[in-house]
Amino acid sequence: MEFEFGSLRFKVAQGDITKFPAEAIVNAANKYLEHGGGVAYAIAKAAAGDVREYIRISKEAMREQIGRDYIEHGEVVVTPAMKMEQYGIEYVIHTVGPYCGGRWDEDKKEKLKKAILGALRKADELGVKTIAFPAISAGIYGCPFEEVVKTFKETVEEFSREAKSVKEVYLVLYSRDSYEQALKVLGG
Ligand code: AR6
């Protein structure tokens, strides 16, 4: 499924983001970049082989780029793709979405928008053309999948008015079920 917003395309795909051929992939991180489970663990493992090593690299990058040992919603940290370079991935952009625990309201939506926009703006700054996102906050953080998908589409449309180098934004869904659910939500 594909949407065109000016010169920007928003596409929904199914697959494993650690092998997805985009110049930048986004990690659904926690504020301390601990990469303990979910897609964060998978990315850390695929990048460095050793998850603890990638956590160390991420925390060091956070101190250099943010000057703190945690990030807020909207703040992002960039680390190298390491072993994922074989798929054409150059950067991992770590962002933190809201914790929902099954609930959803305007505040959670705003936090998710900030998390998505922060990563998109960083990709633009890095001169990236193609960026791929997982369904941030829709796993361990328990945000309603449909709301997450709708918020992605809305946020990418908003970003299209300021986008410079970014031309393609992918939402990469892990399971066939979640992919089909997303198509339904977005009217496919
Ligand atoms: N490729 C694409 N999507 C994936 C993959 C993959 N390889 N693996 C999982 N997903 P989650 P969150 C999907 O829980 O809810 C971590 O411990 C998954 O099916 O990874 O933002 C962090 O360190 C789901 O739809 O992220 C944080 O502590 C989506 O990715 C916390 O989890 C996001 O699920 C963040 O929770």
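Sequential numbering from 1 along the given sequence is applied to the chain's residues. Whatever order the structure lists ligands and atoms in, that order sets their numbers, starting from 1.
Note on Val172 and Leu183: separate hydrophobic clusters, where clusters join Ile, Leu, Val, Met, Phe, Trp and Tyr whose side-chain heavy atoms are under 4.5 Å apart, directly or indirectly.
Scored by the ring-ring contact (aromatic ring centres under 6.0 Å, His included) test, Tyr141 finds Tyr99 as partners (sequence neighbours excluded).
Within ligand 1, the atoms closer than 4.0 Å to a non-hydrogen atom of Asp16 are 1 (N), 6 (C), 7 (N), numbered from 1 in the order shown. Close approach to Gly38 involves these atoms of ligand 1, each under 4.0 Å from a residue heavy atom: 20 (O). Atoms of ligand 1 found under 4.0 Å from any heavy atom of His35 (numbered from 1 in listed order, with element): 23 (O). Counting atoms of ligand 1 from 1 in the listed order, those under 4.0 Å from a heavy atom of Ser137 are 12 (P), 15 (O), 21 (O). For ligand 1, the atoms lying closer than 4.0 Å to a non-hydrogen atom of Ala28 are 21 (O), 22 (C), 26 (O), 35 (C).
The structure places CD of Glu154 at 9.5 Å from CZ of Phe5, a figure rounded to the nearest 0.5 Å. Atom NZ of residue Lys164 and atom CD of residue Glu125 lie 9.0 Å apart, to the nearest 0.5 angstrom. Atom NZ of Lys113 is separated from atom CZ of Phe159 by 14.0 Å, given to the nearest 0.5 angstrom. Ser58 contributes atom OG, which lies 10.0 Å from atom CD1 of Ile71 (distance to the nearest 0.5 angstrom). Here Ser7 contributes atom OG and Arg161 contributes atom CZ; the two are 12.5 Å apart, rounded to the nearest 0.5 Å. Separating the NZ atom in Lys109 from the OG1 atom in Thr155 is a distance of 7.5 Å, to the nearest 0.5 Å.
Polar contact with ligand 1: present for Val39 (N/O pair, distance under 3.5 Å). For the pair Glu34 and ligand 1, the shortest N or O to N or O distance does not fall below 3.5 Å. For a threshold of 3.5 Å applied to N or O pairs, the pair formed by Ile140 and ligand 1 contains at least one separation below that value. Inclusion of Ile17 in the set of residues having an N or O under 3.5 Å from an N or O of ligand 1 is warranted. Residue contacts with ligand 1: Thr18 is placed with no nitrogen or oxygen under 3.5 Å of a nitrogen or oxygen of the ligand (distance criterion only). Considering backbone and side-chain N/O atoms, Ala40 never comes within less than 3.5 Å of an N/O atom of ligand 1. At least one N or O atom of Gly37 sits closer than 3.5 Å to an N or O atom of ligand 1.
The nearest protein atom to atom 13 (C) of ligand 1, hydrogens excluded, is given as Tyr174 CB, 4.3 Å; this is a heavy-atom distance. Atom 31 (C) of ligand 1 has Tyr141 CE1, 3.6 Å as its closest protein atom, hydrogens excluded (heavy atom only). The protein heavy atom nearest to atom 23 (O) of ligand 1 is Asn30 ND2, 3.3 Å. Looking at atom 25 (O) of ligand 1, its nearest protein heavy atom turns out to be Ala135 CB, 3.8 Å.
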With a cut-off of 3.5 Å and sequence neighbours excluded, list every side-chain donor-acceptor pair involving residues 14-31.
from  : atom 1 : to     : atom 2 : distance (Å)
Gln14 : OE1    : Arg176 : NH1    : 3.1
Asp16 : OD1    : Thr18  : N      : 3.0
Asp16 : OD1    : Thr18  : OG1    : 2.9
Asp16 : OD2    : Thr18  : OG1    : 3.1
Glu23 : OE2    : Lys129 : N      : 2.9
Glu23 : OE2    : Thr130 : N      : 3.3
Asn27 : ND2    : His35  : ND1    : 3.4
Asn27 : ND2    : His94  : ND1    : 3.0
Asn30 : OD1    : Tyr32  : N      : 3.1
Asn30 : OD1    : Leu33  : N      : 3.0
Asn30 : OD1    : Glu34  : N      : 3.0

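Within the 4.5 Å cutoff, the side chain of Arg56 has heavy atoms near those of the Glu53 side chain.
Phe3 carries Lys153 over the face of its six-membered ring, with the cationic atom under 6.0 Å from the centre and within 45° of the normal.
Ser160 contributes no side-chain N or O that, together with a main-chain N or O of Leu8, makes up a donor-acceptor pair within less than 3.5 Å.
At a distance under 4.0 Å, a protein heavy atom can be found next to atom 33 (C) of ligand 1.
Using 4.0 Å as the threshold, Ala138 has a heavy atom nearer than that to some atom of ligand 1. Within the structure, the closest approach of Ser178 to ligand 1 does not fall below 4.0 Å when heavy atoms are considered.
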